[in-house]
Amino acid sequence: MEILAYEEIQSSPDKPYTRTAFVLHGLLGNGRNWRSFSRSLASNLSKSSPAEWRMVLVDLRNHGKSAEIDGFHPPHDIMNAAKDLANLVKHKGWAWPDVVIGHSMGGKVALQFVQSCVAGEYGENVAIPKQLWVLDSVPGEVKTENSDNEVVKVLQTLQSLPLSLPSRRWLVNHMMELGFSKSVSEWVGSALKKSGEQETWAFNLEGAIQMSKSYREMSYWSLLEHPPKGMEIAIVRADRSDGCDPDVVKRLESLSSREGDGSEGKFLVHILPNSGHWVHVDNPKGLLEIVAPKIISLQ
């Protein structure tokens, strides 16, 4: 059983942590993309919370340093990506995470993790997270005519490129020449790592393609409709993101406006202003102002 690569962040590393939040990146990303936001969140929590929080920034299978580890067997799908998290917890002998934060594809991995925890798929001694944050992710099946189709085009383009590239700037310019937007081109450019004089991918492309397909196929509406008792599920939707079609937005708003009777958990929707899909880059301060107070309220 292979174990995911990860990085730990605490505002006071010399103090023993008492609470843990897992942070899960999106497609073609890695944990380090979330380093700056996670440091800000840990610092904010340390000032306002009696608990000592630890952020665990995970590199999902086929991504970041986990892409360099052999032994993550197919199928490369959302279900196995979530199971990898459970294997990490068990292997390290950690307590189960109190909070899971997932962006884009990582949001669906987080939803699957909770669903599998509730279903008892990871064993009996599992503690379900108290909070789940799904950041600008489509919770249901993604229609191919939706803007996520651009991701499919990106992946097809990457398949046509060599494994070694001259530079990040070359790649960003090349993607823009092919008609991709500046933000999409820079997203792809951020997924490179140095390899001698050249740059190479910081992910396993074939595995990432399979995970992207699984992301589009999986649906977690039933989990949002019936959150586990004692748990909060929060969706953060970026106001300038075009990832959700109007039907999805309407369904989310309808769910969040329901009055609960206390027999189930809570479901909330937050709108992040002045932000596109890259919530932690476009408006990290706004995201922090949404997330931090809710986590502090767990005490």
Side-chain angles (χ1 to χ4, degrees), residues 23-31 33-34 36-38 40-41 60 63 78 100-112 131-155 157 172 175-176 179-191 208 211-221 223-224 233-257 267-292 294:
V23 183
L24 313 179
H25 61 80
L27 184 71
L28 308 189
N30 53 61
N33 299 152
W34 283 84
S36 176
F37 177 80
S38 298
S40 297
L41 180 57
L60 298 172
H63 291 76
I78 298 299
V100 181
I101 302 168
H103 175 239
S104 197
M105 182 184 75
K108 268 195 169 164
V109 174
L111 286 162
Q112 179 62 55
Q131 269 182 14
L132 171 62
W133 290 89
V134 180
L135 310 179
D136 214 58
S137 182
V138 181
E141 288 181 52
V142 179
K143 296 174 185 174
T144 49
E145 64 269 21
N146 180 287
S147 63
D148 260 58
N149 202 25
E150 186 169 37
V151 174
V152 177
K153 290 177 190 161
V154 166
L155 294 172
T157 301
V172 171
M175 296 295 287
M176 288 174 70
F180 291 103
S181 68
K182 188 168 187 283
S183 65
V184 166
S185 302
E186 286 176 346
W187 162 54
V188 174
S190 72
M211 291 173 78
S212 174
K213 181 174 181 287
S214 177
Y215 167 81
R216 295 195 304 279
E217 292 170 350
M218 297 299 282
S219 177
Y220 298 94
W221 283 114
L223 183 63
L224 302 190
I233 299 179
I235 292 223
V236 176
R237 200 166 58 77
D239 71 342
R240 295 206 307 260
S241 175
D242 53 7
C244 285
D245 63 39
D247 291 345
V248 172
V249 172
K250 197 172 174 183
R251 193 169 175 182
L252 289 172
E253 287 170 352
S254 171
L255 277 178
S256 67
S257 63
F267 174 69
L268 308 161
V269 175
H270 302 270
I271 308 299
L272 179 65
N274 307 315
S275 179
H277 182 61
W278 314 109
V279 290
H280 55 307
V281 175
D282 292 348
N283 189 359
K285 186 171 179 285
L287 183 60
L288 192 66
E289 286 168 358
I290 291 171
V291 175
K294 292 300 253 178

May I ask you to decide if [Y]'s main-chain N or O and [X]'s side chain share a donor-acceptor pair within less than 3.5 Å?
| X | Y | result |
| --- | --- | --- |
| Asn283 | Ser275 | no |
| Ser212 | Ala208 | no |
| Lys108 | Ile78 | no |

Output, in order, the C-alpha distance, side-chain angles, deciding distance and verdict of side-chain contact (heavy atoms from CB on, under 4.5 Å) for Val151 and Arg216.
CA-CA 11 Å; Val151 174; Arg216 295 195 304 279; 5.6 Å; no

So, applying side chain to side chain contact (heavy atoms under 4.5 Å, CB included) with Val100, which one of Val109, Leu132, Leu111 is it?
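Single side chain to side chain contact (heavy atoms under 4.5 Å, CB included) partner of Val100 among Val109, Leu132, Leu111: Leu132.
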
Once salt bridge (Lys or Arg N to Asp or Glu O under 4.0 Å) is applied, do any residues pair with Lys213, and if so which ones, sequence neighbours excluded?
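Counting only residues at least two positions away or on another chain, Lys213 forms a salt bridge (Lys or Arg N to Asp or Glu O under 4.0 Å) with Glu217.
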
Please identify each residue that fulfils salt bridge (Lys or Arg N to Asp or Glu O under 4.0 Å) with Glu289, with sequence neighbours left out.
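Once residues adjacent in sequence are excluded, the partners of Glu289 under the salt bridge (Lys or Arg N to Asp or Glu O under 4.0 Å) criterion are Lys285.
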
For the residue pair Ser104 and Ser137, what are the closest heavy atoms and their distance?
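Residues Ser104 and Ser137, closest heavy atoms: O-OG, 2.8 Å.
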
If you compare all heavy atoms of Gly276 against all heavy atoms of Ala238, which two are closest, and at what distance to 0.1 Å?
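Closest pair (atom of Gly276, atom of Ala238, distance): O-CB, 3.1 Å.
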
If you measure from [atom1] on [X] to [atom2] on [Y], what distance do you get to the nearest 0.5 Å?
| X | Y | atom1 | atom2 | value |
| --- | --- | --- | --- | --- |
| Trp278 | Leu135 | CH2 | CG | 12.5 Å |
| Trp187 | Leu27 | CH2 | CG | 5.0 Å |
| His63 | His25 | NE2 | NE2 | 5.5 Å |
| Leu252 | Trp221 | CG | CH2 | 4.0 Å |
| Leu224 | Arg251 | CG | CZ | 8.5 Å |
| Leu28 | Asn33 | CG | CG | 10.0 Å |

Are [X] and [Y] side-chain neighbours, meaning at least one heavy-atom pair lies under 4.5 Å?
| X | Y | answer |
| --- | --- | --- |
| Leu41 | Leu288 | yes |
| Val279 | Phe37 | no |
| Ile235 | Pro139 | yes |
| Val134 | Tyr220 | no |

Start with the C-alpha distance between Val172 and Val188, add both sets of side-chain angles, then the distance that settles side-chain contact (heavy atoms from CB on, under 4.5 Å), and finish with yes or no.
CA-CA 7 Å; Val172 171; Val188 174; over 6 Å; no

Check the pair Glu253 / Val269 against side-chain contact (heavy atoms from CB on, under 4.5 Å), numbers first and verdict last.
CA-CA 7 Å; Glu253 287 170 352; Val269 175; 5.6 Å; no

Set of ring-ring contact (aromatic ring centres under 6.0 Å, His included) partners for His280, sequence neighbours left out
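Counting only residues at least two positions away or on another chain, His280 forms a ring-ring contact (aromatic ring centres under 6.0 Å, His included) with Trp34, His103.
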
Can you check side-chain contact (heavy atoms from CB on, under 4.5 Å) on Val291 and His270, steps first, answer last?
CA-CA 10 Å; Val291 175; His270 302 270; over 6 Å; no

What I want to check is whether the side chains of Asp136 and His277 have a donor and an acceptor closer together than 3.5 Å.
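There is such a pair between these side chains.
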
